[in-house]
Amino acid sequence: VQLQASGGGLVQAGGSLRLSCAGSGHIFRIDRMGWYRQAPGKQRELVATFTSGGSTKYAESVKGRFTISRDSVQKMAFLQMNTLKPEDTGVYYCKAYIEQSRGSTTWGQDYWGPGTLVTVSS
């Protein structure tokens, strides 16, 4: 089981990027897909995520600019980032709660993708 994020790159301030996250492997159920980021010298922080109830949660700094969406059938999540600012620069990580099953037994844990770099130039 793994998560793979893509879509990062270099963009000028005011531009847009769309990140994708795909789960692969033996996945019984995937939930609470979300995006986190880590800027140089800072701690990893929440950007946007789906909650266990299916609602969305955003960091205050990205509200109105970023939109998280998902395709549960394809086990994918997306982050549309508009009006990017230099302070959005960082490595963006996808996270998800993934359940696996064998017979009548299921188990789950959080997984992180390896991250994709977003650089916003001023």
Side-chain angles (χ1 to χ4, degrees):
V1 172
Q2 63 178 351
L3 294 172
Q4 188 64 47
S6 61
L10 173 63
V11 64
Q12 287 188 332
S16 298
L17 283 174
R18 186 175 188 246
L19 305 183
S20 299
C21 174
S24 63
H26 183 66
I27 297 174
F28 176 71
R29 188 175 72 93
I30 191 167
D31 197 8
R32 303 198 298 266
M33 296 189 79
W35 294 94
Y36 293 70
R37 69 186 178 192
Q38 187 165 18
K42 295 187 177 181
Q43 289 188 330
R44 192 173 298 187
E45 63 176 358
L46 171 71
V47 176
T49 187
F50 283 97
T51 68
S52 58
S55 59
T56 56
K57 181 179 179 180
Y58 292 90
E60 286 295 326
S61 61
V62 307
K63 283 183 178 178
R65 300 188 297 122
F66 291 11
T67 302
I68 189 171
S69 61
R70 63 183 174 181
D71 182 336
S72 298
V73 174
Q74 297 297 326
K75 302 181 181 64
M76 296 187 71
F78 308 94
L79 186 68
Q80 179 65 43
M81 305 186 293
N82 298 328
T83 319
L84 282 161
K85 304 176 180 180
E87 51 264 43
D88 294 318
T89 293
V91 178
Y92 283 67
Y93 298 91
C94 177
K95 178 185 177 184
Y97 178 78
I98 295 176
E99 283 188 357
Q100 296 178 269
S101 69
R102 182 177 295 124
S104 61
T105 302
T106 61
W107 66 96
Q109 66 179 78
D110 287 332
Y111 284 83
W112 289 89
T116 183
L117 178 62
V118 172
T119 304
V120 184
S121 63
S122 57

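Atom set for the values below is all heavy atoms of this structure, side chains included, hydrogens, waters and symmetry mates excluded.
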Pairs where residues 55-65 contributes a residue and the test side-chain hydrogen bond (donor to acceptor under 3.5 Å, both in side chains) is met, not counting sequence neighbours: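 Listed by first then second residue: Arg37-Ser61, Thr51-Ser55, Glu60-Lys63, Arg65-Asp88.
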Ser101: what forms a side chain to side chain contact (heavy atoms under 4.5 Å, CB included) with it, not counting sequence neighbours? His26, Phe28, Thr106
Mind checking whether [X] and [Y] have side chains closer than 4.5 Å, heavy atoms only?
| X | Y | result |
| --- | --- | --- |
| Phe66 | Leu84 | yes |
| Trp107 | Glu99 | no |
| Val1 | Tyr111 | yes |
| Ser24 | Lys75 | no |

For the hydrophobic clusters of this structure (ILVMFWY residues joined by side-chain heavy atoms under 4.5 Å, transitively), does one cluster hold both [X] and [Y]?
| X | Y | result |
| --- | --- | --- |
| Leu79 | Leu17 | yes |
| Leu46 | Val91 | yes |
| Leu19 | Leu3 | no |
| Ile30 | Tyr97 | no |
| Val11 | Met81 | yes |

Donor-acceptor contact below 3.5 Å, side chain Thr89 vs main chain Val120: yes
Name all pairs fulfilling the disulfide (SG to SG under 2.5 Å) condition that reach into residues 17-122, sequence neighbours left out, sorted by first residue then second. Cys21-Cys94
Please list all pairs passing the disulfide (SG to SG under 2.5 Å) test where one or both residues lie in residues 35-68, with sequence neighbours left out.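 For residues 35-68: none.
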Residue pair [X] / [Y]: nearest heavy atoms and the distance that separates them:
| X | Y | answer |
| --- | --- | --- |
| Ala13 | Ser122 | CB-CA, 4.4 Å |
| Thr116 | Gly8 | OG1-N, 3.1 Å |
| Ile68 | Ala48 | CD1-O, 3.7 Å |
| Gln80 | Ser16 | NE2-CB, 4.0 Å |

Just do the side-chain contact (heavy atoms from CB on, under 4.5 Å) check on Ile98 and Gln109 with the steps written out, would you? CA-CA 6 Å; Ile98 295 176; Gln109 66 179 78; over 6 Å; no
Considering residues at least two apart in sequence or located in another chain, which fulfil the salt bridge (Lys or Arg N to Asp or Glu O under 4.0 Å) criterion with Asp31?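 Result, salt bridge (Lys or Arg N to Asp or Glu O under 4.0 Å) vs Asp31: Arg29.
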Hey, does the Lys NZ or Arg CZ of Arg70 hover above the aromatic six-ring of Phe78, less than 6.0 Å from the centre and inside 45° of the axis? no
How long is the gap from CG on Asn82 to CZ on Arg18, to the nearest 0.5 Å?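 It comes to 11.0 Å.
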Who pairs with Tyr36 by ring pair (Phe, Tyr, Trp, His ring centres under 6.0 Å), at least two apart in sequence or on another chain? Trp112
